There are 2 protein chains.
Amino acid sequence: MWVMRTDERITLAMAELLRRQGYAATGVNQLARAADAPTGSIYHHFKGGKREVAEAALRSTGAAYIRLLPLLLDPYEDLVEGIEAAFAAAGEDMRGTGWANMCPVGTVTGEVADVEPRLREVAGEVMAGWIEEGTRYLAGRGLSEPGARSAMYALLAALEGAFILARGLRSVEPFAAAGRSVAAYVAALGDRAAEPGGAIIR
Amino acid sequence: MWVMRTDERITLAMAELLRRQGYAATGVNQLARAADAPTGSIYHHFKGGKREVAEAALRSTGAAYIRLLPLLLDPYEDLVEGIEAAFAAAGEDMRGTGWANMCPVGTVTGEVADVEPRLREVAGEVMAGWIEEGTRYLAGRGLSEPGARSAMYALLAALEGAFILARGLRSVEPFAAAGRSVAAYVAALGDRAAEPGGAIIR
DNA sequence: CTCCCACTAGAACGATCTCTCTAGAGAGAC
DNA sequence: GTCTCTCTAGAGAGATCGTTCTAGTGGGAG
(Lines give C-alpha, C1' and ligand atoms only; values in the text may rest on other atoms or scores of the structure.)
Protein backbone atom coordinates (compact mmCIF):
# COMPACT_ATOMS: atom_id res chain seq x y z
CA MET A 1 0.00 0.00 0.00
CA TRP A 2 1.17 3.46 -0.86
CA VAL A 3 1.94 5.78 2.04
CA MET A 4 2.10 9.53 2.10
CA ARG A 5 5.52 11.12 2.47
CA THR A 6 6.24 12.45 5.93
CA ASP A 7 6.61 16.07 4.84
CA GLU A 8 3.28 15.82 3.03
CA ARG A 9 1.67 14.39 6.12
CA ILE A 10 3.07 17.26 8.17
CA THR A 11 1.86 19.87 5.69
CA LEU A 12 -1.59 18.38 5.54
CA ALA A 13 -1.90 18.12 9.31
CA MET A 14 -0.82 21.74 9.64
CA ALA A 15 -3.44 22.86 7.12
CA GLU A 16 -6.09 21.00 9.07
CA LEU A 17 -5.00 22.53 12.37
CA LEU A 18 -4.71 26.01 10.87
CA ARG A 19 -8.26 26.04 9.71
CA ARG A 20 -9.60 24.76 12.99
CA GLN A 21 -7.62 26.78 15.49
CA GLY A 22 -5.29 29.13 13.64
CA TYR A 23 -1.55 29.54 13.76
CA ALA A 24 -0.75 30.82 17.24
CA ALA A 25 -2.88 28.24 19.03
CA THR A 26 -1.28 25.36 17.13
CA GLY A 27 1.78 23.93 18.86
CA VAL A 28 4.59 21.97 17.25
CA ASN A 29 3.97 19.05 19.57
CA GLN A 30 0.31 19.01 18.64
CA LEU A 31 1.30 19.13 14.99
CA ALA A 32 3.68 16.21 15.49
CA ARG A 33 0.93 14.19 17.12
CA ALA A 34 -1.54 15.02 14.36
CA ALA A 35 0.94 14.15 11.63
CA ASP A 36 2.08 11.02 13.49
CA ALA A 37 5.69 12.15 13.28
CA PRO A 38 8.29 12.96 15.94
CA THR A 39 9.23 16.54 16.64
CA GLY A 40 12.66 16.00 15.15
CA SER A 41 11.23 15.02 11.79
CA ILE A 42 9.37 18.28 11.53
CA TYR A 43 12.57 20.24 11.92
CA HIS A 44 14.37 17.90 9.60
CA HIS A 45 11.93 18.51 6.77
CA PHE A 46 11.22 22.15 7.57
CA LYS A 47 14.34 23.89 8.83
CA GLY A 48 12.34 27.07 9.28
CA GLY A 49 10.27 25.35 11.95
CA LYS A 50 6.62 26.00 12.59
CA ARG A 51 6.44 29.04 10.34
CA GLU A 52 7.83 27.20 7.33
CA VAL A 53 5.33 24.38 7.79
CA ALA A 54 2.55 26.96 7.86
CA GLU A 55 3.86 28.54 4.65
CA ALA A 56 3.80 25.19 2.91
CA ALA A 57 0.31 24.49 4.23
CA LEU A 58 -1.00 27.83 2.98
CA ARG A 59 0.46 27.33 -0.49
CA SER A 60 -0.81 23.80 -0.82
CA THR A 61 -4.35 24.51 0.33
CA GLY A 62 -4.34 27.68 -1.75
CA ALA A 63 -3.65 25.64 -4.87
CA ALA A 64 -6.30 23.09 -3.92
CA TYR A 65 -9.00 25.65 -3.21
CA ILE A 66 -8.86 27.50 -6.51
CA ARG A 67 -9.34 24.23 -8.34
CA LEU A 68 -12.80 24.10 -6.77
CA LEU A 69 -13.95 27.14 -8.76
CA PRO A 70 -14.26 25.46 -12.17
CA LEU A 71 -15.17 22.19 -10.48
CA LEU A 72 -18.22 23.78 -8.87
CA LEU A 73 -19.22 26.20 -11.62
CA ASP A 74 -18.60 24.21 -14.83
CA PRO A 75 -21.69 22.03 -14.34
CA TYR A 76 -23.94 25.09 -14.51
CA GLU A 77 -24.63 26.62 -17.87
CA ASP A 78 -26.00 29.67 -16.10
CA LEU A 79 -23.12 31.26 -14.19
CA VAL A 80 -25.42 33.16 -11.84
CA GLU A 81 -27.22 30.00 -10.86
CA GLY A 82 -23.91 28.20 -10.41
CA ILE A 83 -22.60 30.81 -7.99
CA GLU A 84 -25.61 30.50 -5.74
CA ALA A 85 -25.25 26.74 -5.78
CA ALA A 86 -21.53 26.90 -5.02
CA PHE A 87 -22.09 29.07 -1.96
CA ALA A 88 -24.82 26.74 -0.79
CA ALA A 89 -22.47 23.79 -1.19
CA ALA A 90 -19.77 25.54 0.83
CA GLY A 91 -22.28 26.21 3.57
CA GLU A 92 -23.42 22.61 3.69
CA ASP A 93 -19.82 21.43 3.84
CA MET A 94 -19.22 23.70 6.79
CA ARG A 95 -22.31 22.50 8.59
CA GLY A 96 -21.26 18.93 7.94
CA THR A 97 -17.90 19.43 9.62
CA GLY A 98 -19.36 21.00 12.75
CA TRP A 99 -18.68 24.54 11.54
CA ALA A 100 -14.95 23.93 11.63
CA ASN A 101 -13.91 23.86 7.98
CA MET A 102 -12.65 27.39 7.70
CA CYS A 103 -10.28 28.54 5.01
CA PRO A 104 -6.79 28.44 6.56
CA VAL A 105 -5.58 31.30 4.39
CA GLY A 106 -8.29 33.58 5.68
CA THR A 107 -7.85 32.47 9.27
CA VAL A 108 -4.10 33.04 9.29
CA THR A 109 -4.36 36.37 7.51
CA GLY A 110 -6.83 37.68 10.03
CA GLU A 111 -4.89 36.34 12.94
CA VAL A 112 -1.19 36.97 12.63
CA ALA A 113 -0.61 39.24 9.67
CA ASP A 114 1.17 41.72 11.91
CA VAL A 115 3.03 39.29 14.13
CA GLU A 116 4.29 37.03 11.32
CA PRO A 117 4.95 39.17 8.27
CA ARG A 118 6.23 36.26 6.24
CA LEU A 119 2.93 34.42 6.60
CA ARG A 120 1.08 37.56 5.56
CA GLU A 121 3.22 37.70 2.42
CA VAL A 122 2.54 34.09 1.54
CA ALA A 123 -1.17 34.50 2.17
CA GLY A 124 -1.13 37.59 -0.03
CA GLU A 125 0.54 35.66 -2.84
CA VAL A 126 -2.02 32.88 -2.56
CA MET A 127 -4.90 35.36 -2.63
CA ALA A 128 -3.42 37.19 -5.62
CA GLY A 129 -3.21 33.85 -7.41
CA TRP A 130 -6.86 33.21 -6.64
CA ILE A 131 -7.81 36.58 -8.13
CA GLU A 132 -5.79 35.96 -11.28
CA GLU A 133 -7.05 32.46 -11.94
CA GLY A 134 -10.58 33.34 -10.96
CA THR A 135 -10.62 36.38 -13.20
CA ARG A 136 -9.48 34.26 -16.15
CA TYR A 137 -12.19 31.74 -15.43
CA LEU A 138 -15.01 34.25 -15.09
CA ALA A 139 -13.84 36.10 -18.20
CA GLY A 140 -14.03 32.77 -20.00
CA ARG A 141 -17.61 32.53 -18.81
CA GLY A 142 -18.55 35.75 -20.58
CA LEU A 143 -17.73 38.60 -18.22
CA SER A 144 -15.55 41.47 -19.33
CA GLU A 145 -12.03 41.30 -17.90
CA PRO A 146 -12.53 44.21 -15.44
CA GLY A 147 -15.95 42.89 -14.52
CA ALA A 148 -14.57 39.42 -13.94
CA ARG A 149 -11.81 40.80 -11.72
CA SER A 150 -14.22 42.85 -9.66
CA ALA A 151 -16.60 39.91 -9.37
CA MET A 152 -13.74 37.71 -8.20
CA TYR A 153 -12.78 40.16 -5.45
CA ALA A 154 -16.40 40.32 -4.37
CA LEU A 155 -16.81 36.57 -4.51
CA LEU A 156 -13.75 35.87 -2.39
CA ALA A 157 -14.64 38.55 0.15
CA ALA A 158 -18.19 37.21 0.48
CA LEU A 159 -16.91 33.66 0.79
CA GLU A 160 -14.29 34.37 3.46
CA GLY A 161 -16.77 36.48 5.38
CA ALA A 162 -19.46 33.84 5.13
CA PHE A 163 -17.06 31.32 6.66
CA ILE A 164 -16.60 33.57 9.67
CA LEU A 165 -20.27 34.46 10.12
CA ALA A 166 -21.36 30.87 9.71
CA ARG A 167 -18.82 29.75 12.25
CA GLY A 168 -19.97 32.28 14.79
CA LEU A 169 -23.70 31.95 14.17
CA ARG A 170 -23.72 28.22 13.41
CA SER A 171 -25.98 28.80 10.47
CA VAL A 172 -25.78 28.39 6.70
CA GLU A 173 -27.77 31.58 6.21
CA PRO A 174 -24.64 33.72 5.69
CA PHE A 175 -23.64 31.47 2.80
CA ALA A 176 -27.09 31.67 1.25
CA ALA A 177 -27.23 35.45 1.49
CA ALA A 178 -23.64 35.93 0.33
CA GLY A 179 -24.32 33.69 -2.64
CA ARG A 180 -27.43 35.66 -3.61
CA SER A 181 -25.50 38.90 -3.27
CA VAL A 182 -22.59 37.85 -5.48
CA ALA A 183 -25.02 36.30 -7.94
CA ALA A 184 -26.92 39.58 -8.14
CA TYR A 185 -23.68 41.44 -8.82
CA VAL A 186 -22.60 39.05 -11.56
CA ALA A 187 -26.08 39.24 -13.06
CA ALA A 188 -25.88 43.03 -13.08
CA LEU A 189 -22.44 42.93 -14.72
CA GLY A 190 -23.76 40.53 -17.33
CA ASP A 191 -26.88 42.59 -18.03
CA ARG A 192 -24.86 45.69 -18.59
CA ALA A 193 -22.31 43.85 -20.70
CA ALA A 194 -25.16 42.61 -22.86
CA GLU A 195 -26.57 46.07 -23.36
CA PRO A 196 -26.21 47.69 -26.79
CA GLY A 197 -23.67 50.13 -25.35
CA GLY A 198 -21.29 47.26 -24.76
CA ALA A 199 -19.30 46.10 -21.78
CA ILE A 200 -19.26 47.96 -18.52
CA ILE A 201 -16.00 48.76 -16.83
CA ARG A 202 -16.33 48.56 -13.14
CA MET B 1 -8.49 65.72 33.70
CA TRP B 2 -10.74 62.72 33.53
CA VAL B 3 -9.05 59.33 33.37
CA MET B 4 -10.41 56.10 32.08
CA ARG B 5 -11.22 53.39 34.60
CA THR B 6 -8.67 50.61 34.76
CA ASP B 7 -11.07 47.88 33.65
CA GLU B 8 -12.08 50.02 30.68
CA ARG B 9 -8.45 50.55 29.80
CA ILE B 10 -7.86 46.80 29.94
CA THR B 11 -10.90 46.04 27.78
CA LEU B 12 -9.91 48.61 25.20
CA ALA B 13 -6.32 47.42 25.06
CA MET B 14 -7.53 43.85 24.61
CA ALA B 15 -9.81 44.87 21.75
CA GLU B 16 -6.90 46.62 20.07
CA LEU B 17 -4.63 43.60 20.48
CA LEU B 18 -7.33 41.18 19.34
CA ARG B 19 -7.84 42.92 16.07
CA ARG B 20 -4.13 43.16 15.37
CA GLN B 21 -2.91 39.72 16.39
CA GLY B 22 -5.85 37.67 17.58
CA TYR B 23 -6.50 35.91 20.86
CA ALA B 24 -3.92 33.13 21.08
CA ALA B 25 -0.99 35.36 20.16
CA THR B 26 -1.93 37.95 22.77
CA GLY B 27 -0.30 37.35 26.14
CA VAL B 28 -1.51 38.60 29.48
CA ASN B 29 1.80 40.35 30.10
CA GLN B 30 1.55 42.10 26.77
CA LEU B 31 -2.00 43.10 27.61
CA ALA B 32 -0.88 44.49 30.97
CA ARG B 33 1.81 46.53 29.27
CA ALA B 34 -0.61 47.84 26.64
CA ALA B 35 -3.20 48.78 29.26
CA ASP B 36 -0.54 50.24 31.56
CA ALA B 37 -1.75 48.06 34.42
CA PRO B 38 -0.04 45.38 36.50
CA THR B 39 -0.87 41.75 35.94
CA GLY B 40 -2.61 41.57 39.29
CA SER B 41 -5.09 44.27 38.34
CA ILE B 42 -6.22 42.30 35.33
CA TYR B 43 -7.13 39.35 37.51
CA HIS B 44 -8.70 41.63 40.09
CA HIS B 45 -11.10 43.13 37.56
CA PHE B 46 -11.59 39.99 35.48
CA LYS B 47 -11.61 36.90 37.66
CA GLY B 48 -12.01 34.75 34.56
CA GLY B 49 -8.61 35.87 33.36
CA LYS B 50 -7.63 36.38 29.75
CA ARG B 51 -10.79 34.80 28.38
CA GLU B 52 -13.10 37.07 30.34
CA VAL B 53 -11.22 40.15 29.19
CA ALA B 54 -11.63 38.96 25.62
CA GLU B 55 -15.36 38.46 26.14
CA ALA B 56 -15.73 42.00 27.42
CA ALA B 57 -13.69 43.33 24.52
CA LEU B 58 -15.84 41.50 21.99
CA ARG B 59 -19.08 42.78 23.49
CA SER B 60 -17.88 46.35 23.75
CA THR B 61 -16.50 46.58 20.22
CA GLY B 62 -19.56 44.76 18.95
CA ALA B 63 -21.77 47.47 20.39
CA ALA B 64 -19.54 50.20 19.00
CA TYR B 65 -19.39 48.75 15.50
CA ILE B 66 -23.12 48.48 14.88
CA ARG B 67 -23.51 52.13 15.74
CA LEU B 68 -21.46 52.88 12.63
CA LEU B 69 -24.18 51.56 10.35
CA PRO B 70 -26.65 54.46 10.73
CA LEU B 71 -23.75 56.84 11.20
CA LEU B 72 -22.35 55.99 7.79
CA LEU B 73 -25.59 55.43 5.89
CA ASP B 74 -27.90 58.16 7.23
CA PRO B 75 -26.15 60.93 5.29
CA TYR B 76 -27.05 59.24 2.01
CA GLU B 77 -30.56 59.57 0.75
CA ASP B 78 -29.82 56.80 -1.73
CA LEU B 79 -29.13 53.65 0.27
CA VAL B 80 -27.31 51.94 -2.59
CA GLU B 81 -24.95 54.87 -2.97
CA GLY B 82 -24.41 54.98 0.79
CA ILE B 83 -23.39 51.34 0.94
CA GLU B 84 -20.71 51.79 -1.68
CA ALA B 85 -19.44 54.83 0.17
CA ALA B 86 -19.41 53.02 3.52
CA PHE B 87 -17.31 50.18 2.13
CA ALA B 88 -14.93 52.67 0.57
CA ALA B 89 -14.61 54.44 3.92
CA ALA B 90 -13.85 51.17 5.70
CA GLY B 91 -11.17 50.41 3.15
CA GLU B 92 -9.54 53.81 3.56
CA ASP B 93 -9.59 53.41 7.33
CA MET B 94 -7.81 50.10 6.98
CA ARG B 95 -5.23 51.52 4.64
CA GLY B 96 -4.68 54.39 7.03
CA THR B 97 -3.89 52.06 9.91
CA GLY B 98 -1.36 50.00 7.97
CA TRP B 99 -3.88 47.26 7.13
CA ALA B 100 -4.17 46.38 10.81
CA ASN B 101 -7.68 47.52 11.77
CA MET B 102 -9.43 44.22 11.52
CA CYS B 103 -12.71 43.47 13.21
CA PRO B 104 -11.83 41.65 16.45
CA VAL B 105 -15.06 39.69 16.39
CA GLY B 106 -14.25 38.25 13.00
CA THR B 107 -10.65 37.57 13.89
CA VAL B 108 -11.45 35.72 17.08
CA THR B 109 -14.26 33.74 15.49
CA GLY B 110 -12.02 32.53 12.71
CA GLU B 111 -9.19 31.76 15.05
CA VAL B 112 -10.34 30.01 18.20
CA ALA B 113 -13.97 29.07 17.78
CA ASP B 114 -13.13 25.44 18.44
CA VAL B 115 -10.52 25.91 21.12
CA GLU B 116 -12.45 28.48 23.18
CA PRO B 117 -16.16 27.67 22.91
CA ARG B 118 -17.16 30.48 25.24
CA LEU B 119 -15.59 33.07 22.95
CA ARG B 120 -17.39 31.54 20.01
CA GLU B 121 -20.68 31.90 21.88
CA VAL B 122 -20.04 35.54 22.71
CA ALA B 123 -18.99 36.29 19.14
CA GLY B 124 -22.16 34.58 17.93
CA GLU B 125 -24.30 36.72 20.22
CA VAL B 126 -22.60 39.86 18.99
CA MET B 127 -23.10 38.87 15.36
CA ALA B 128 -26.74 37.99 15.96
CA GLY B 129 -27.19 41.44 17.48
CA TRP B 130 -25.66 43.01 14.40
CA ILE B 131 -28.08 41.12 12.17
CA GLU B 132 -31.10 42.17 14.25
CA GLU B 133 -30.21 45.83 14.51
CA GLY B 134 -29.05 46.01 10.92
CA THR B 135 -32.21 44.36 9.66
CA ARG B 136 -34.32 46.91 11.52
CA TYR B 137 -32.29 49.76 10.08
CA LEU B 138 -32.41 48.53 6.49
CA ALA B 139 -36.14 47.82 6.80
CA GLY B 140 -36.52 51.41 7.95
CA ARG B 141 -34.76 52.45 4.78
CA GLY B 142 -37.40 50.81 2.64
CA LEU B 143 -36.41 47.16 2.23
CA SER B 144 -38.85 44.39 3.05
CA GLU B 145 -38.07 42.66 6.35
CA PRO B 146 -36.80 39.42 4.75
CA GLY B 147 -34.91 41.41 2.13
CA ALA B 148 -33.33 43.57 4.79
CA ARG B 149 -32.26 40.52 6.78
CA SER B 150 -30.73 38.84 3.77
CA ALA B 151 -28.98 42.06 2.77
CA MET B 152 -27.58 42.38 6.27
CA TYR B 153 -26.13 38.86 6.18
CA ALA B 154 -24.59 39.62 2.80
CA LEU B 155 -23.28 42.99 3.95
CA LEU B 156 -21.59 41.58 7.03
CA ALA B 157 -20.10 38.66 5.16
CA ALA B 158 -18.72 40.93 2.45
CA LEU B 159 -17.35 43.31 5.05
CA GLU B 160 -15.59 40.68 7.17
CA GLY B 161 -14.20 39.05 4.06
CA ALA B 162 -13.02 42.36 2.67
CA PHE B 163 -11.07 42.96 5.89
CA ILE B 164 -9.24 39.71 5.40
CA LEU B 165 -8.54 40.12 1.70
CA ALA B 166 -7.42 43.70 2.14
CA ARG B 167 -5.11 42.68 4.93
CA GLY B 168 -3.51 39.97 2.87
CA LEU B 169 -3.33 41.87 -0.40
CA ARG B 170 -2.67 45.31 1.09
CA SER B 171 -5.19 46.83 -1.24
CA VAL B 172 -8.52 48.61 -0.92
CA GLU B 173 -9.80 46.86 -4.01
CA PRO B 174 -11.59 44.13 -2.03
CA PHE B 175 -13.59 46.81 -0.22
CA ALA B 176 -14.50 48.53 -3.46
CA ALA B 177 -15.65 45.33 -5.11
CA ALA B 178 -17.47 44.06 -2.02
CA GLY B 179 -19.25 47.40 -1.76
CA ARG B 180 -20.34 47.27 -5.40
CA SER B 181 -21.55 43.72 -4.94
CA VAL B 182 -23.67 44.42 -1.87
CA ALA B 183 -24.95 47.60 -3.48
CA ALA B 184 -26.02 45.63 -6.54
CA TYR B 185 -27.85 43.16 -4.32
CA VAL B 186 -29.67 45.87 -2.39
CA ALA B 187 -30.54 47.60 -5.65
CA ALA B 188 -31.97 44.36 -7.00
CA LEU B 189 -33.99 43.83 -3.81
CA GLY B 190 -35.29 47.40 -4.07
CA ASP B 191 -36.18 47.11 -7.72
CA ARG B 192 -38.16 43.99 -7.12
CA ALA B 193 -39.82 45.50 -4.05
CA ALA B 194 -40.90 48.45 -6.17
CA GLU B 195 -42.42 46.24 -8.83
CA PRO B 196 -46.21 46.14 -9.13
CA GLY B 197 -46.21 42.60 -7.75
CA GLY B 198 -44.98 43.89 -4.41
CA ALA B 199 -42.13 42.93 -2.13
CA ILE B 200 -39.85 40.05 -2.90
CA ILE B 201 -39.15 37.47 -0.26
CA ARG B 202 -35.65 36.31 -0.49
C1' DC C 1 -6.50 59.44 64.46
C1' DT C 2 -7.73 54.16 63.15
C1' DC C 3 -9.92 50.86 60.44
C1' DC C 4 -11.28 48.99 56.16
C1' DC C 5 -11.31 47.69 51.65
C1' DA C 6 -10.58 48.33 46.79
C1' DC C 7 -6.90 48.24 44.14
C1' DT C 8 -1.92 48.25 42.69
C1' DA C 9 2.37 45.96 42.14
C1' DG C 10 5.18 42.40 40.61
C1' DA C 11 7.57 38.10 42.18
C1' DA C 12 6.99 33.30 41.76
C1' DC C 13 4.95 28.77 40.09
C1' DG C 14 4.07 25.04 37.23
C1' DA C 15 2.91 24.15 32.66
C1' DT C 16 3.83 24.58 27.96
C1' DC C 17 6.12 26.74 24.15
C1' DT C 18 9.63 26.42 20.12
C1' DC C 19 13.66 24.63 18.96
C1' DT C 20 18.18 21.88 19.51
C1' DC C 21 20.64 17.99 20.41
C1' DT C 22 22.28 13.22 20.54
C1' DA C 23 21.44 8.47 19.47
C1' DG C 24 20.12 5.01 16.51
C1' DA C 25 17.31 2.69 12.74
C1' DG C 26 17.17 1.37 7.97
C1' DA C 27 18.05 1.34 3.06
C1' DG C 28 21.25 1.44 -0.72
C1' DA C 29 26.31 1.42 -2.73
C1' DC C 30 30.15 -1.18 -3.08
C1' DG D 1 29.86 -7.89 5.06
C1' DT D 2 30.77 -2.30 5.95
C1' DC D 3 30.21 2.48 5.01
C1' DT D 4 27.21 6.36 4.30
C1' DC D 5 23.50 9.19 4.59
C1' DT D 6 18.68 10.27 5.26
C1' DC D 7 15.38 10.20 8.43
C1' DT D 8 13.22 8.81 12.97
C1' DA D 9 12.90 9.28 17.84
C1' DG D 10 12.31 11.80 21.87
C1' DA D 11 14.74 13.90 25.81
C1' DG D 12 16.16 18.34 27.17
C1' DA D 13 17.16 23.52 27.15
C1' DG D 14 15.67 28.00 27.67
C1' DA D 15 12.07 31.12 27.22
C1' DT D 16 7.40 32.41 27.86
C1' DC D 17 2.74 31.18 29.00
C1' DG D 18 -1.60 32.00 32.21
C1' DT D 19 -2.39 32.22 36.80
C1' DT D 20 -1.78 32.71 41.86
C1' DC D 21 0.08 34.77 45.75
C1' DT D 22 1.68 38.03 49.15
C1' DA D 23 2.76 42.69 50.28
C1' DG D 24 1.79 47.31 50.13
C1' DT D 25 -0.69 51.78 48.90
C1' DG D 26 -4.25 55.24 49.25
C1' DG D 27 -8.60 57.28 50.13
C1' DG D 28 -13.01 57.44 52.58
C1' DA D 29 -15.92 56.24 57.00
C1' DG D 30 -16.26 56.49 61.70
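Worth knowing before you read on, the calculation uses all heavy atoms, side chains too, and leaves out hydrogens, waters and symmetry mates. Naming convention: chains lettered A, B, ... in sequence-line order (proteins, then strands); numbering from 1 in each chain. Quick caveat, the model's predicted, so the values are computed rather than measured.
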Proximity of B:Tyr153 and A:Phe175 rings by center, below 6.0 Å: no

Round to a whole Å and report the spacing from [atom1] of [X] to [atom2] of [N].
X: A:Phe46; N: D:dC7; atom1: CZ; atom2: C1'; answer: 14 Å
X: B:His44; N: D:dG26; atom1: NE2; atom2: P; answer: 17 Å
X: B:Gln30; N: C:dC17; atom1: CD; atom2: P; answer: 18 Å
X: B:Tyr23; N: D:dC17; atom1: OH; atom2: P; answer: 14 Å
X: A:Arg33; N: C:dT16; atom1: CZ; atom2: P; answer: 10 Å
X: B:Leu31; N: C:dA9; atom1: CG; atom2: P; answer: 15 Å
X: B:Asp36; N: C:dC7; atom1: CG; atom2: P; answer: 17 Å

Residue pairs, two or more places apart or on separate chains, that pass salt bridge (Lys or Arg N to Asp or Glu O under 4.0 Å) and touch residues 53-63 of chain A: A:Glu55-A:Arg118, A:Arg59-A:Glu125

Face-on cation placement of B:Lys50 at B:Tyr43 ring, 6.0 Å and 45° thresholds: no

Closest heavy-atom pair and its distance - B:Arg149, B:Thr135: CA-OG1, 3.4 Å

Residue pair A:Tyr185 / A:Ser150, side-chain donor-acceptor N/O under 3.5 Å: yes

Side-chain heavy atoms of A:Leu138 within contact of A:Met152, under 4.5 Å: yes

Any B:His45 side-chain nitrogen or oxygen under 4.0 Å from OP1 or OP2 of C:dA6: no

Where protein sits on nucleotides 19-24 of chain D, one letter per nucleotide: B base, S sugar-phosphate only, - none, heavy atoms under 4.0 Å: BB----

Residue mapping more 5' on DNA chain C - nearest nucleotide basis, A:Ala24 or B:Ser41: B:Ser41

